[in-house]
Amino acid sequence: MNVFIIGLLFLLVIPEVSPQKYAYVSVLSSNDFLVPAKTLAYRLKKLNASIPYIIIVTQDITQNSIEQLKEQGVIVHNDTKIDTPYIATHKARKYQYTKIRLWAMTEFDVIVHLDLDVLPTRDISTLFKCGSFCAVFRHSDMFNSGVFVLKTNETVFHDMVEHVQTAESYDGGDQGFLNTYFKDLKFAPMYDPTGKQPICENFTMRTLSATFNYDIGMYYLNNGRLLVDPDIIHYTMGPTKPWLWWTYPLFDLNWMWLDARQEMEQGSNAELDTSIALAATNCLLILFLIILKLILEHFVVNMTTDTVSNVETHVVSQAIYLFSVWFSLKLAHQSAQPVAAWVFFASNTAWTATILTSIYTKLRSGVDVKVKSVLSCVTFTMLTYALSWLILVQISHFNTRVLFAILSILAQQFVVVTYIRYALIVRPCRQQIHKYQILPNNHHVA
Ligand SMILES: *[C@@H]1O[C@H](CO)[C@@H](O)[C@H](O)[C@H]1NC(C)=O
Ligand SMILES: *[C@@H]1O[C@H](CO)[C@@H](O)[C@H](O)[C@H]1NC(C)=O
Ligand SMILES: *[C@@H]1O[C@H](CO)[C@@H](O)[C@H](O)[C@H]1NC(C)=O
Ligand SMILES: *[C@@H]1O[C@H](CO)[C@@H](O)[C@H](O)[C@H]1NC(C)=O
């Protein structure tokens, strides 16, 4: 009899203690964020494999990207983007309201939303217990919507959809909207993961410590010092995202993200594939430049003259070098692995600058540049890049590193261009330049 009652009680109690369903969720609306999405997926799985990671992909994402996400164990949800009502003035992809779909995902009880440019450094599952809505205030009375926690609720979702058109958004995106919708969050007490602080019954929302959404901007403003021990690093600053190869080695927090990426790519051929692709591009470029040189020198009208001025060689060599840098920056895929990308960037720059300059010399002065000179210019350019890079990696203070980077870009421009001019332009023409006789001659003709 007693056993029967206990059994009945057990059955009644079971539904109440059934565990809450948790999930990490992100939104992917651009294929440019595929590598960070895969990296975050790998890191989340490594830190706590028991919690599913869902990515809501919008219509812009290719099938290939979806397959790659699935390979990382991500559960992919197809859904349409919710545009911002301010779309006329806010066209960039980040201005959208798709995140409010999270409240409708009632197959889960609590969701931690993560932007794709964050990197958790340790298990963050304590966040699921924080409250009905939790986020981090960083530099103002506005919270950041890169990391937030919510309890799913159909009623709230429909209420939000109703308010989309009328609620104000200070930035034109979801962050502004959520700040309007949850405007009382700033009065809520801070969540204490250790549970030692007394619970304030009057609030179900909680603010979160800055450690759960650490803005890398604060690190660099403090000359490379962390003032907290971050649980989640948020790579906020637009052009310094850690999957962009040219941000290395200037922004040192990016190395932590790169470690996570390398863990994710371990065992795959991703790094080798990129290196082969970059090397192939480099070889094709050199071949193309050589063919261009042959064609131009054979078919273009002869522009040789014996009065190439110093000003002209200065301007032309600087311009060719700047063009080569710009062109080579465009050539490497932006999320290629940084070390490989830097090597091929330096090589592409060196070859482009050198061969274009030798074409110029041939067209203007009729002088054939020696292969030996070309090779010496290429080697010299690549060595100066390698040297700057190696010195930059050694500098530990951020401000000093920025200063050195600026100086080395200026020095690079000066030293490399001078070397190329000396090796490829000035010397072959030197005997023919009669700088001070140009003016009288022209005068005479005129
Ligand atoms: C993973 O998350 C669960 C909560 O769902 C938590 O109880 C558990 O301790 C976490 N595991 C690790 C290894 O942190
Ligand atoms: C998701 O959308 C893509 C492209 O719109 C489509 O090819 C794919 O079949 C969809 N997947 C699911 C599971 O609906
Ligand atoms: C959903 O939100 C509404 C409005 O805030 C609230 O009254 C209701 O209790 C919530 N439902 C659940 C299941 O938490
Ligand atoms: C909660 O709100 C009630 C009514 O507004 C107030 O009397 C009470 O002091 C509040 N409790 C706390 C802990 O702030």
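We're numbering straight along the sequence, starting at 1.
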**Prompt:** Can you list the steps and then say if Thr240 with Tyr220 is a side chain to side chain donor-acceptor pair (under 3.5 Å)?
**Reply:** CA-CA 11 Å; Thr240 71; Tyr220 296 118; over 6 Å; no
**Asked** Looking only at atom types and distance, does a side-chain atom of Ser317 sit under 3.5 Å from a main-chain N or O of Thr357, one as donor and one as acceptor?
**Response** no
**Prompt:** When you measure from the side chain of Asp171 to the backbone N and O of Gly173, does any donor-acceptor pair fall under 3.5 Å?
**Reply:** yes
**Prompt:** With no hydrogens and no angle check, is any side-chain donor or acceptor of Thr180 less than 3.5 Å from a backbone partner on Ala167?
**Reply:** no
**Message:** If you define the side chain from C-beta out and look only at heavy atoms, does anything of Arg122 sit under 4.5 Å from Asp229?
**Reply:** yes
**Item:** Donor on one side chain, acceptor on other, Asp215 and His139, under 3.5 Å
**Value:** yes
**Message:** Between Lys46 and Glu263, does any NZ, NE, NH1 or NH2 come within less than 4.0 Å of an OD or OE carboxylate oxygen?
**Reply:** yes
**Request:** Quick one: pull up CG in Leu407 and CD in Gln412 and give me the separation to the nearest 0.5 Å.
**Result:** 12.5 Å
**Message:** Is the shortest side-chain heavy-atom distance between Arg261 and Gln337 below 4.5 Å?
**Reply:** yes
**Message:** Counting only heavy atoms not in Met382 (residues, nucleotides, ligands), do more than 12 fall under 6.0 Å from its CE?
**Reply:** yes
**Item:** Asp115 and Lys99 ion-paired at < 4.0 Å
**Value:** yes
**Minimum side-chain heavy-atom gap Leu185-Thr207 below 4.5 Å** = yes
**Item:** Point-to-point distance, once rounded to the nearest 0.5 Å, from CG of Asn254 to CG of Leu119
**Value:** 10.5 Å
**Asked** How about Arg225: does its CZ atom have over 12 heavy atoms from other parts shown lying under 6.0 Å from it?
**Response** no
**Asked** Are the side chain of Thr39 and the backbone N or O of Val35 linked by a donor-acceptor pair below 3.5 Å?
**Response** yes
**Residues which pass disulfide (SG to SG under 2.5 Å) with Cys130, listed by chain and number, not counting sequence neighbours** = Cys134
**Message:** Are Tyr235 and Trp243, when compared by the centres of their aromatic rings, separated by less than 6.0 Å?
**Reply:** no
**Prompt:** CD of Gln175 to OG of Ser169: how many Å apart, nearest 0.5 Å?
**Reply:** 8.5 Å
**Asked** Is there a donor-acceptor pair under 3.5 Å between the side chain of His333 and the backbone N or O of Ser335?
**Response** yes
**Request:** Using the side chain to side chain contact (heavy atoms under 4.5 Å, CB included) rule, pick out the option among Trp246, Trp245, Phe345 that qualifies with Pro338.
**Result:** Trp245
**Side chain Asn31, main chain Ile61, donor-acceptor under 3.5 Å** = no
**Prompt:** Under 3.5 Å, is there a donor-acceptor pair linking the side chains of Thr236 and Arg138?
**Reply:** no
**Request:** Might you work through the ring pair (Phe, Tyr, Trp, His ring centres under 6.0 Å) test for Phe251 and Phe398, ending with a clear yes or no?
**Result:** CA-CA 8 Å; Phe251 296 94; Phe398 177 67; 5.8 Å; yes
**Request:** For the residue pair Glu168 and Tyr181, confirm or rule out a side-chain donor-acceptor distance under 3.5 Å.
**Result:** no
**Polar contact flag, side-chain donor to acceptor under 3.5 angstrom, Thr58-Ser29** = no
**Message:** Between His77 and Ile75, is there a side-chain heavy-atom distance shorter than 4.5 Å?
**Reply:** yes
**Request:** Give a yes or no on whether the ring-centroid distance for Tyr248 and Trp389 is below 6.0 angstrom.
**Result:** no
**Asked** Are a donor atom and an acceptor atom from the side chains of Ser275 and Asp273 found within less than 3.5 Å of each other?
**Response** no
**Prompt:** So do the side chains of Pro120 and Tyr24 get within less than 4.5 Å of each other, counting heavy atoms only?
**Reply:** no
**Item:** pair Ile420-Val374: side-chain heavy atoms closer than 4.5 Å
**Value:** no
**Asked** Which is it for Asp109 and Lys151 under the salt bridge (charged side-chain N to carboxylate O under 4.0 Å, His left out) test, yes or no, and what are the steps along the way?
**Response** CA-CA 6 Å; Asp109 299 299; Lys151 286 198 168 147; over 6 Å; no
**Prompt:** Quick one: OH on Tyr214 to CG on Asp231, what's the gap to the nearest 0.5 Å?
**Reply:** 12.5 Å
**Prompt:** Counting only heavy atoms not in Lys293, do more than 12 fall under 6.0 Å of its NZ?
**Reply:** yes
**Request:** Assess whether side chain to side chain donor-acceptor pair (under 3.5 Å) is satisfied between Tyr53 and Ser26, documenting all intermediate values.
**Result:** CA-CA 8 Å; Tyr53 180 39; Ser26 302; 2.7 Å; yes
**Request:** Answer whether the closest heavy-atom distance between the side chains of Leu208 and Phe137 falls below 4.5 Å.
**Result:** no
**Message:** Regarding Lys38 and Glu71, does a basic nitrogen lie under 4.0 Å from an acidic carboxylate oxygen?
**Reply:** no
**Message:** Set out, in order, the CA-CA distance, both residues' side-chain angles and the distance that settles side chain to side chain contact (heavy atoms under 4.5 Å, CB included) for Met205 and Phe182, then state yes or no.
**Reply:** CA-CA 9 Å; Met205 299 191 281; Phe182 295 105; 3.8 Å; yes
**Request:** Measure centre to centre between the rings of Tyr321 and Phe414, then say whether the value is under 6.0 Å.
**Result:** no
**Item:** Close aromatic pair by centroid cut-off 6.0 Å: Trp103 and Phe148
**Value:** yes
**Request:** Using only heavy-atom distances, determine whether the side chains of Ser324 and Thr352 contain a donor-acceptor pair under 3.5 Å.
**Result:** no
**Asked** Just by distance, with hydrogens left out, do Asn64 and Thr62 show a side-chain donor and acceptor under 3.5 Å apart?
**Response** no
**Message:** Nearest 0.5 angstrom please: Leu28 CG to Ser65 OG, how far?
**Reply:** 7.0 Å
**Message:** Suppose we call two aromatic rings close when their centres sit under 6.0 Å apart. Are Phe128 and Tyr22 close by that rule?
**Reply:** yes
**Message:** Whether the Tyr219 and Asp252 side chains hold a donor-acceptor pair (N or O, under 3.5 Å, no angle test) is what I'd like checked.
**Reply:** yes
**Request:** State yes or no: are the ring centers of Phe177 and Tyr170 separated by less than 6.0 Å?
**Result:** no
**Asked** Are side-chain heavy atoms of Leu296 and Leu292 found at a separation under 4.5 Å?
**Response** yes
